[in-house]
Novice: 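Pasting a structure below so you can have a look.
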Amino acid sequence: MTLRVYDTRSRDKRAFSTLENGRVRMYVCGITPYTPSHLGHARCYLAFDVVHRWLEASGYDVDYVQNFTDIDDKILDISEAEGVDFSEVANRNIADYYEAMDAMNVLRADSYPRVTETIPEIIDMVSTLIDKGHAYIGDDGVYFEIDTAPEKYGQLTGQTLEMVRAGAGGRVEDTGSGKRDHRDFALWKLAKPAEPSWDSPWGAGRPGWHIECSAMSLKHFGEQFDVHGGGHDLRFPHHEAEIFQSECCTGREPVVGYWMHNGFVNVDGEKMSKSLGNFWTVSDAFELHHPLALRYALLSVPYRNPIDLTPEFLADADSHYERLVSVYGASLGADGESGADLAGASECFAAAMDDDFNTRAAIIEVQGVVASGAGADVAAWLESHAGDALGLLPSRDEVMSSLAEADSAKSEVAGKVESLLAEREAAREGSDWARADQIRDELAAMGVVVEDGPDGPVWHLG
RNA sequence: GCACGGGUGGCAGAGCAGCUAUGCAAUGGACUGCAGAUCCAUGGACCCGGGUGCAAAUCCCGGCCCGUGCUCCA
C-alpha cells in the first residue's frame, strides 16, 4: 500500500516520495494573528495535523514548520486603534491560537518561526533577488519583477500573465505604488511615519507578505522541501509568489514537492472569512461543542472539499463523538472481545488514509468498529486509529477519570434512586402507571434517566 | 470575463469504470403499560444532452447551476 498525495501543481494524486528517505520536510502557512482564530483556521491546521500524524504513523520522521506572520497591516491597524504595541496584539492572538489548537488535540509543529525573528534572512533573500536582477527598488519599497521569470507564472492556478493583466476589472492601470507592473509584488515595504520598522539596505521598513515563507523555508529546510500546505485561497498570489522568490533566489526547482491546499469552511454556501464577517471563532464554537466533537466534524469531510457548517452537521458530529468516547470508555473496562473484524477495519482505514488522507473514509471505519460495541480489543484499536492517527480521542486518563467521576456522582444518588425505583417497580406491578410515571418524572428532575429493559430498569445520569 | 473546484437518496456526505458507502431521518418488525434505548429488516440517488466502453455516478465533449481565486484572507 502506498501513500498517494494530491499535488495542486500537478493537479493529480501522486505516489508520495521525499527528498531524503524516511524524512518529510513540511511547511504550512500559519496565521496572521490579528484576531482570534476562527473555524476556517481550525480546519486548516486540523487537516495538516492529520497529515503530520499519518506521515509519522507511516514511519516518516516529520520536520514540521509553521510560521506566524506577526507583523502586518491589520495587526498595525489594531495596535493603533488600541494604542498598544503591535507585538501585544500578535502575542495575545498567538496565545489564543495555541489554546484552541491544544484543545482540539493538534500536535505542535517542530518550529513556529515569526517574521520578526527572521528579518536578517529576509533581507539576505531580497538582496540576492536584487543582485540576480529579479527585483527592483521602487519609490516605496522593493518589488519582485514578474517579467524576469514569466515561465513560472500560473503553476498553481493555471492563470497566465495575460489573464491576470487583463483581469480583475481594470484595476490594472493604477497600482498606486512604486510597482512597474501591477503583477509585481512587494518584497520590502518602506515604513510610513511612526510604523514599526527594521533597518535594511533600502531604508527602514518591513517585509512584504510573501517573502517570509520563502525565507523561513530556506532557513529551516534549505533550497527544496517536500510538502507545503495552506488554505486554498493562498494558492494565488501567495504561493505562486513563493515559487518566484525561492526558485529565483536559489536557482533550484521545484522548491516544493507537493503543494497541498485545504478547502474552505462555508456558512450558507459561502466561504467563512473575517472580511465577510460570517465567522465563528473557535472559542465561540467551544461554547456549543466539545473541542474534539468539533474536530470530528471538521475531519468528517476530506480536507480538499468545502465543508458547509450547519447546526445539523455539527449535531451529527456531536453524537458520533459522544458515542465514540462512550464505547472507548466502556472498552477500557471490558473483559471480552467485541468480535469486530479489526484487521479488516485496520486495512480499510490505512487504505483510506493512504488515499490522500481521506479522513471521511477513515472515520467510517471507526464508526464501524464503534458500532460493533465495546471490547478489550476495541480499546487498543481505537487508541491507535481514532486516537493516534485522527486525534479524536481524549487521553485514556481523561476518559478514566471522567468515568470515575460519573461513577462517584452516581453512587452519591444511588441509594435514593434505588429506593424510588423499587417503589416505581411496585407501582408498575400494580399497573399504577400514573404513580410510576410520577416517580420517573421525579427522577428526571434529579437528572436521572430511567430506561426499562428486559431485565428491569437501568438508570444513568443524563 | 478568465482560472480552479464542485453538482450523488429527505438531509449531511463518501465513492470517481463492474462489487450494500456510511450516519441521521423515514418505514416495517422485535422488545415495551407508556417513553427511551437497543436489535433486525426495508425503501430511496447519482444536474441536463450527446459520446466512448461488454459495462459510466465514475472517462470524453457540450450545456446549465453553484463555490473559490484573479484584492487582505486558512
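Numbered from 1 within each chain, the chains take letters A, B, ... in sequence-line order.
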Novice: How close or far is atom P of rC70(B) from atom CD1 of Ile146(A), stated in whole angstroms?
Specialist: 14 Å

Novice: In whole Å, what is the span from the OH atom of Tyr6(A) to the P atom of rG15(B)?
Specialist: 13 Å

Novice: Before we go on, tell me: are the rings of Tyr112(A) and Tyr98(A) under 6.0 Å apart, centre to centre?
Specialist: yes

Novice: Drop me the distance from Ser214(A)'s OG to Glu242(A)'s CD, to the nearest 0.5 angstrom.
Specialist: 4.5 Å

Novice: How long is the line joining OH of Tyr112(A) and P of rA74(B), in whole Å?
Specialist: 16 Å

Novice: Under a 3.5 Å cut-off for both contacts, is rC70(B) paired Watson-Crick or G-U wobble with anything, and if yes, with which nucleotide?
Specialist: rG1(B)

Novice: Distances under 3.5 Å between protein N/O atoms and the N/O atoms of nucleotides 27-33 of chain B, please, pair by pair.
Specialist:
from: rG33(B); atom 1: N7; to: Arg428(A); atom 2: NH2; distance (Å): 3.4
from: rG33(B); atom 1: O6; to: Arg424(A); atom 2: NH2; distance (Å): 3.3
from: rG33(B); atom 1: O6; to: Arg428(A); atom 2: NE; distance (Å): 3.4
from: rG33(B); atom 1: N1; to: Asp437(A); atom 2: OD1; distance (Å): 2.9
from: rG33(B); atom 1: N2; to: Asp437(A); atom 2: OD1; distance (Å): 3.4
from: rG33(B); atom 1: N2; to: Asp437(A); atom 2: OD2; distance (Å): 2.7

Novice: Expressed in angstrom and rounded to an integer, what is the separation of Glu365(A) atom CD from rA14(B) atom C1'?
Specialist: 12 Å

Novice: Which part of the nucleic acid does Val449(A) contact within heavy-atom distance under 4.0 Å: base, sugar-phosphate only, or nothing?
Specialist: nothing

Novice: Is it true that the side chains of Thr35(A) and Lys274(A) contain a donor and an acceptor less than 3.5 Å apart?
Specialist: yes

Novice: Using the P atom as the point on both nucleotides, what is the distance between rG29(B) and rG36(B), in whole Å?
Specialist: 16 Å

Novice: So which one's nearest nucleotide on RNA chain B is more toward 5', Gly231(A) or Gly158(A)?
Specialist: Gly158(A)

Novice: Are a donor atom and an acceptor atom from the side chains of His210(A) and His238(A) found within less than 3.5 Å of each other?
Specialist: yes

Novice: If the glycosidic angle sits within 90 degrees of zero it is syn, else anti. Tell me which applies to rG53(B).
Specialist: syn

Novice: Has Glu429(A) got more than 12 heavy atoms of other residues, nucleotides or ligands less than 6.0 Å from its CD?
Specialist: no

Novice: Can you check the Asn278(A) CG to rG67(B) P distance for me, whole Å?
Specialist: 13 Å

Novice: Look at the side-chain N and O atoms of Asn266(A) and state whether any lies under 4.0 Å from the OP1 or OP2 oxygen of rU68(B).
Specialist: no

Novice: Which value, in whole Å, describes the distance between the C1' atoms of nucleotides rG10(B) and rU68(B)?
Specialist: 28 Å

Novice: Picking from Glu212(A), Glu117(A), His220(A), Arg114(A), what satisfies side chain to side chain donor-acceptor pair (under 3.5 Å) with Asn67(A)?
Specialist: Glu212(A)

Novice: By nearest atom, which of the nucleotides rA74(B), rC4(B), rA14(B) is closest to the Asn358(A) side chain?
Specialist: rA14(B)

Novice: Send over the distance from Gln159(A) CD to rG1(B) C1', rounded to a whole Å.
Specialist: 12 Å

Novice: Counting only side-chain N and O atoms of Asn305(A), is one of them less than 4.0 Å from OP1 or OP2 of rA14(B)?
Specialist: yes

Novice: Measuring only the P atom in each nucleotide, how far is rC19(B) from rC59(B)? A whole number of Å is fine.
Specialist: 16 Å

Novice: Tell me whether the OP1 or OP2 atom of rG69(B) has a side-chain N or O from Lys271(A) closer than 4.0 Å.
Specialist: yes

Novice: Once you measure the plane-to-plane angle for His239(A) and Trp259(A), does it fall in the parallel (<30°), tilted (30-60°) or perpendicular (>60°) bin?
Specialist: tilted

Novice: Taking the P atom in each of rA25(B) and rC65(B), what is the distance between them to the nearest angstrom?
Specialist: 36 Å

Novice: Using the C1' atom as the point on both nucleotides, what is the distance between rG63(B) and rA26(B), in whole Å?
Specialist: 36 Å

Novice: Could you give the CZ-to-P distance, from Phe264(A) to rU68(B), as a whole number of Å?
Specialist: 8 Å

Novice: Counting side-chain heavy atoms from C-beta on, which of rA74(B), rG15(B), rG13(B) comes nearest to Ile31(A)?
Specialist: rA74(B)

Novice: Between the protein and nucleotides 19-23 of chain B, which nitrogen or oxygen pairs come in under 3.5 angstrom?
Specialist:
from: rU22(B); atom 1: O2'; to: Gln367(A); atom 2: OE1; distance (Å): 3.0
from: rU22(B); atom 1: O2; to: Arg360(A); atom 2: NH2; distance (Å): 3.1
from: rG23(B); atom 1: O2'; to: His320(A); atom 2: NE2; distance (Å): 2.6

Novice: Could you give the distance separating rC47(B) and rA21(B) at their P atoms, to the nearest angstrom?
Specialist: 15 Å

Novice: In the structure shown, which nucleotide is the Watson-Crick or G-U wobble counterpart of rA14(B), with both distances under 3.5 Å?
Specialist: none

Novice: What I want to check is whether the side chains of His290(A) and Asp318(A) have a donor and an acceptor closer together than 3.5 Å.
Specialist: no

Novice: Would you indicate what Val28(A) reaches in the nucleic acid, counting non-hydrogen atoms under 4.0 angstrom: base, sugar-phosphate, or nothing?
Specialist: nothing

Novice: Taking the C1' atom of each, how far is rC39(B) from rA45(B), in whole Å?
Specialist: 27 Å

Novice: Please walk me through it: do Tyr303(A) and Asp356(A) pass side chain to side chain donor-acceptor pair (under 3.5 Å)?
Specialist: CA-CA 9 Å; Tyr303(A) 75 93; Asp356(A) 197 33; 2.9 Å; yes

Novice: Applying a 3.5 Å limit to both distances, which nucleotide forms a Watson-Crick or G-U wobble pair with rA41(B)?
Specialist: rU27(B)

Novice: Closest-nucleotide mapping onto RNA chain B: is Phe313(A) or Arg235(A) further toward the 5' terminus? I mean the 5' end.
Specialist: Arg235(A)

Novice: For the side chain of Asp233(A), counting heavy atoms from C-beta on, which of rG67(B), rG13(B), rG69(B) is nearest?
Specialist: rG69(B)

Novice: Just name whichever nucleotide pairs with rC46(B), Watson-Crick or G-U, keeping both distances under 3.5 Å, else none.
Specialist: none

Novice: Using whole Å, report how far CD of Glu212(A) lies from P of rC72(B).
Specialist: 14 Å

Novice: For rU38(B) and rC31(B), measure between their C1' atoms and round to the nearest Å.
Specialist: 9 Å

Novice: What does Ser275(A) touch in the nucleic acid at a heavy-atom separation under 4.0 angstrom: a base, only the sugar-phosphate, or nothing?
Specialist: base

Novice: Are any non-hydrogen side-chain atoms of Val28(A) and Met26(A) less than 4.5 angstrom apart?
Specialist: yes

Novice: Quick one: do the Ser87(A) and Asp85(A) side chains pair a donor with an acceptor below 3.5 Å?
Specialist: yes

Novice: Tyr258(A) vs Phe16(A) aromatic rings, parallel, tilted or perpendicular, using cut-offs 30° and 60°?
Specialist: tilted

Novice: Gly229(A) near the nucleic acid: base, sugar-phosphate alone, or nothing, with a heavy-atom cut-off under 4.0 Å?
Specialist: nothing

